[in-house]
Each structure stands twice: as structure tokens, then as C-alpha cells.
Amino acid sequence: PIRARREFAGDVTEWMDVDIIYRDGHWEASAAVGVRPWRRGGNETVIVRFDLVDGLALVNGQMQTPNELLDAQILQEQYDEQQAAHDSRWPRGCILSDEQRLARDKDRERLARLAARIARKRKNALHAWSAAIVRRANALTVLMPQIKHTSKSVHGQKRVYGAYAVDAATEINRVALSYAPSMAAAMLAYKAREANVPIQIIDDQTSPYLERLAIIAAGERERSREKEKPRSARSKNRWKNKGSGIPEQFLPGSIIDAARSARG
């Protein structure tokens, strides 16, 4: 389904549904219709490689991250902080007065509006970005890391990462998932099919995202080997530094830091 508040070059084939809505002091009609495919491809072979560390993706070697997507990431960080404050203020199972219940419900409504705004901004940003890529492509290749198998839980995979590296891996997963790569790949796929542009989606085994996780895991293994040595053989500084072996730039940061970095 294509949702639009504008005219576009598509012939209407079917009238599907319409809602009459009274909003902001006036009436609106929200209609759903079926249209013939209208997208057209370009004349360029395009390779999209999802980065998910320093930005969304490399398009023919050039980093692209929609500004609206970065704004959604920053809003997501604010939402997470506000949600944590809400959970602390209104713990589950506590007995509330009527006034407290009203205050809690207002907090929940405010958080729900913010979550809906984030979802709209992220979806709109990826729609515009994927449409621009399909317009320039006559063949499209998408290199996609296997995120599903590397971020099975928000805590990482403890069998792969040690207790300290879990924090770093969790933050990398948060940043990577904040770009909504699965949604972006799905949009590229259906828009390419609609424009009759050949597309292939390939597992990227050496993506920057996976490389970053490998460095974190290697650093944790190095720290584990260091701990196995006799205390007299360990350097004092390495013993005190629980992040030993993991480069500083790969340690936990925040989605806000990642968004600022992607802005360049």
C-alpha cells in the first residue's frame, strides 16, 4: 500500500474505501484506491551496502543517512529516557489513588504520541530514501548483514560475549536496529519489483556492523586470557581497565552519538 497526500502519476483502477473525518475544525475525506504501478527505474547499476555503524548505508560507495531518520533516532533516545523515568515513577503493582492514576495515564498517552511520531518520521524517511534509490537504478544489489542472528536479545549473546562485552554489543545492536534496516530492505524490494528493476539481496558477512561486533568479542577474549595469567604477570593498568583489549571507539556510546557522527 502507498499512502500519499499529493498527486502522483498513477491511474486509479479501483475505489476501495473512504473515511469522512472531522479534524481541527473542518471535514476531511481519507480515501483508499487501487492504482496501476507507476514507479520507473533509472539507468544506473546501484549497490546498497548497509553500514549501521557510521550511517545507514553506502550507496555506490557513498554514505547516505536521511536527516529525518537521524531526527527519529534522537527522539527514540529521548523516548527511552522518558519511558525509564515513567517506569520508575509508576512501578507495576503499586496501589495508586485516583489522581495518581490520572497522572499515570497522561504520561502513558504522552509516550504513545511520541512513539507514534517516531514511527511516522522513520517510515517517511525510509520511504523517501528508498524511492530515490529505485528511481536511479536499472539493477539493484542490496548487501544486508544477518542482524537477526546477532541481536537475538537486547543483552546480546552471552555465550559469545563475556559480561563486559555484553554492554558494548548491546549498544551496537541498539544503534544498528535504530536505522530500521529490515524495513529499509523491504521498501527497496517492493519498490524495485513495482518499477521492474531486478534486485538481489545478499547476506553481507563482512559488514561494518559485524566487524564491530567481532572486534568487541576479540577484545573480551583477550581480557579473558589476561585474567587467566598469574596476578604477578598482569600489568597493573590492564587489570584495572575492565575494557582492556577493546578499542575505545568501539565501547558503548549512545544512539545520539551515532546520529551526530552520521550527520558528519
Side-chain angles (χ1 to χ4, degrees), residues 1 3 5 17-30 32 52-53 56 65-128 147-148 150-159 161-184 186-187 209 216 242-243 251-263:
R3 295 174 175 82
R5 293 175 178 265
D17 190 16
V18 63
D19 293 323
I20 308 299
I21 306 170
Y22 186 77
R23 179 180 296 163
D24 297 333
H26 64 278
W27 291 94
E28 294 181 0
S30 176
L52 307 181
V53 174
L56 173 60
T65 310
N67 286 331
E68 192 175 9
L69 181 59
L70 299 178
D71 293 339
Q73 288 179 315
I74 293 175
L75 287 175
Q76 182 66 51
E77 187 87 350
Q78 296 173 1
Y79 173 85
D80 293 340
E81 293 175 357
Q82 293 177 23
Q83 181 66 58
H86 175 275
D87 294 341
S88 177
R89 183 181 180 188
W90 311 110
R92 291 184 178 181
C94 66
I95 300 175
L96 303 177
S97 65
D98 291 341
E99 292 181 356
Q100 290 174 326
R101 190 174 293 106
L102 287 174
R104 183 199 60 185
D105 292 345
K106 286 183 179 179
D107 277 356
R108 287 181 175 177
E109 184 179 353
R110 175 177 51 81
L111 287 170
R113 287 198 301 267
L114 180 56
R117 181 186 176 194
I118 293 168
R120 287 195 303 269
K121 289 180 75 69
R122 180 179 287 118
K123 191 172 184 179
N124 184 68
L126 293 178
H127 267 305
I147 297 179
K148 182 183 295 185
T150 56
S151 59
K152 293 183 179 178
S153 74
V154 295
H155 300 295
Q157 301 179 68
K158 293 187 178 181
R159 293 184 179 180
Y161 305 119
Y164 175 71
V166 165
D167 295 335
T170 297
E171 191 60 35
I172 292 298
N173 286 335
R174 286 184 67 236
V175 172
L177 294 174
S178 70
Y179 288 108
S182 297
M183 182 187 296
M187 289 182 178
Y209 163 71
I216 291 172
K242 65 186 296 187
L251 296 180
S254 71
I255 291 178
I256 290 180
D257 294 337
R260 288 173 179 167
S261 173
R263 289 186 192 275

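Keep in mind the model is a prediction, meaning the values are calculated, not measured.
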Atom [atom1] of [X] and atom [atom2] of [Y]: how far apart are they, to the nearest 0.5 Å?
{"X": "Leu114", "Y": "Gln83", "atom1": "CG", "atom2": "CD", "result": "10.0 Å"}
{"X": "Leu111", "Y": "Asp87", "atom1": "CG", "atom2": "CG", "result": "8.5 Å"}
{"X": "Gln76", "Y": "Arg174", "atom1": "CD", "atom2": "CZ", "result": "8.0 Å"}
{"X": "Asp19", "Y": "Glu28", "atom1": "CG", "atom2": "CD", "result": "11.5 Å"}
{"X": "His127", "Y": "Met183", "atom1": "NE2", "atom2": "CE", "result": "8.0 Å"}
{"X": "Glu68", "Y": "Asp71", "atom1": "CD", "atom2": "CG", "result": "7.0 Å"}

- Side-chain ion pair, Arg101 and Asp98, N-O less than 4.0 Å: yes
Of all heavy-atom pairs between [X] and [Y], which one has the smallest distance, and what is that distance?
{"X": "Trp90", "Y": "Asp107", "answer": "NE1-OD2, 3.1 Å"}
{"X": "Tyr209", "Y": "Leu52", "answer": "CB-CB, 4.2 Å"}
{"X": "Ser30", "Y": "Ile21", "answer": "CB-CD1, 4.2 Å"}
{"X": "Leu96", "Y": "Cys94", "answer": "CD2-SG, 3.4 Å"}

Looking at residues at least two apart in the chain, or sitting in another chain, which of them share a salt bridge (Lys or Arg N to Asp or Glu O under 4.0 Å) with Glu109?
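Testing Glu109 for salt bridge (Lys or Arg N to Asp or Glu O under 4.0 Å), a comparison that skips the adjacent residues, returns Arg113.
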Practice prompt. May I ask you to decide if Val175's main-chain N or O and Ser178's side chain share a donor-acceptor pair within less than 3.5 Å?
Written response: yes
More than 12 non-hydrogen atoms from neighbouring residues, nucleotides or ligands closer than 6.0 Å to CD on Glu99, yes or no?
no
How far apart are the C-alpha atoms of Met187 and Lys123, what are their side-chain angles, what is the distance that settles it, and do they pass the side-chain contact (heavy atoms from CB on, under 4.5 Å) test? CA-CA 10 Å; Met187 289 182 178; Lys123 191 172 184 179; 3.8 Å; yes
| Tell me, do Leu70 and Gln73 make a side-chain contact under 4.5 Å, heavy atoms counted? |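 Answer yes - side chains close enough.
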(message) Is there a side-chain contact between Ser182 and Ile147 in this structure, where contact means two heavy atoms from C-beta onward sitting under 4.5 Å apart?
(response) no
